[in-house]
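Here the structure is laid out as structure tokens; the discussion comes afterwards.
We're numbering straight along the sequence, starting at 1.
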Amino acid sequence: MTRWHLAHGRHLDIGAKSLLMGILNVTPDSFSDGGEFDRPEPALQQARRMIGEGAAIIDVGGESTRPGAGAVSAREEQSRILPVIEALSSDGGTLVSVDTYRAETARLAVAAGAHIVNDVHGLQREPDIAHVAAETGAGLVIMHTGRGREKLADVIADQFLFLNRSLEIARDAGIPDDRIVLDPGFAFAKDGEENLELMARFGELRALGFPLLVGTSRKRLARHLVGGSDEGRDVGTAATSVILRLKGASIFRVHNVAVNRDALTFADAVRERETVE
């Protein structure tokens with residue numbers, strides 16, 4: 001059991017049971033649900049639905065990270081997400097994550113009530129975001145990406161190269177290890193074969209010594225193998241969730257909370273039996 005310390009005096013215990021992070025894209029152009037929740041009312045309805053289905057965290061994002069998506073200004077990103085974060089955090093119970101690489105957006109989001117900063121650039125696009133996390137006490141998700149850089153040929157070697165650099169930035173900023181979770185960044189400048197190799201060798205990432213979060217939900221690797229519909233992609237996502245849980249992942253960032261919750265119940269039961277035996 002590992003205790004993940006978060007902003008505003010909160011924490012999350014990571015270990016015996018899978019934890020689900022519900023994806024809430026407050027955007028018009030995200031690859032799966034763009035435009036569905038880009039206003040506060042439907043966004044809050046979706047968040048409450050995911051919480052009811054078992055999400056431990058709601059991850060709120062205001063800029064699409066799909067390949068080829070256009071960037072938005074910091075002001076636009078903030079105008080999309082801050083009202084939703086404020087509303088979600090007002091009840092005092094919901095754990096909220098902000099999906100951003102911008103230091104100022106992260107600072108405002110935590111001030112609005114967010115507990116976690118989820119940076120898809122692993123602190124390496126705006127390193128000041130590490131100082132925001134340190135100063136606010138936010139939990140931090142550091143994600144690996146291959147975008148905008150030359151990768152090593154070996155997928156695991158590249159994970160260690162990138163993530164160790166990110167961890168240096170975090171430690172230099174004064175972030176304690178018990179506030180950090182790592183994400184290998186499935187599909188972020190990784191082709192189908194690289195994603196499968198990363199999945200097959202996922203257990204090697206446990207050597208980094210941090211809890212692991214994964215985000216395979218409805219991405220190309222699921223669509224490639226099981227079809228293009230949301231239903232097919234959700235089945236594929238649930239399959240990858242089970243595989244990765246058995247290889248050591250703890251937190252699962254998903255669109256369809258209920259399907260992954262049910263699948264991960266079986267994975268947790270198998271892990272428990274392995275531990276007992």
Please report the C-alpha distance between Arg201 and Glu204 in whole Å, then the side-chain angles of each, then the deciding distance to 0.1 Å, and finally whether the salt bridge (charged side-chain N to carboxylate O under 4.0 Å, His left out) criterion is met. CA-CA 6 Å; Arg201 298 174 59 190; Glu204 295 177 44; 2.8 Å; yes
Main chain of [Y], side chain of [X]: is a donor-acceptor contact present, judged purely on distance under 3.5 Å?
X      : Y      : answer
Asp183 : Met143 : no
Ser217 : His255 : yes
Asn164 : Phe160 : yes
Thr105 : Tyr101 : no
Glu76  : Gly62  : no
Lys247 : Ala200 : yes

[X]/[Y] ion pair, N-O < 4.0 Å:
X      : Y      : value
Arg102 : Asp128 : no
Asp268 : Arg245 : yes
Lys190 : Glu197 : no

On a heavy-atom basis, the closest approach of Asp262 and Phe266 is O-CD1, 3.4 Å
Any idea which heavy atoms bring Ile175 and Ala133 closest together, and the distance? CD1-CB, 3.9 Å
Does a side chain donor of either [X] or [Y] reach within less than 3.5 Å of an acceptor in the other side chain?
X      : Y      : result
His144 : Lys151 : no
His121 : Thr145 : no
Gln46  : Arg49  : yes

Checking side-chain hydrogen bond (donor to acceptor under 3.5 Å, both in side chains) for the pair Gln78/Arg75: CA distance, chi angles, key distance, verdict? CA-CA 5 Å; Gln78 293 156 16; Arg75 179 173 295 183; over 6 Å; no
Crowded around Arg206 CZ? As in, over 12 foreign heavy atoms under 6.0 Å? no
Assess the residue pair Glu63 and Thr100 against the criterion (side-chain hydrogen bond (donor to acceptor under 3.5 Å, both in side chains)); give the C-alpha distance rounded to whole Å, side-chain angles, the decisive distance to 0.1 Å, and a yes or no. CA-CA 8 Å; Glu63 178 176 314; Thr100 187; over 6 Å; no
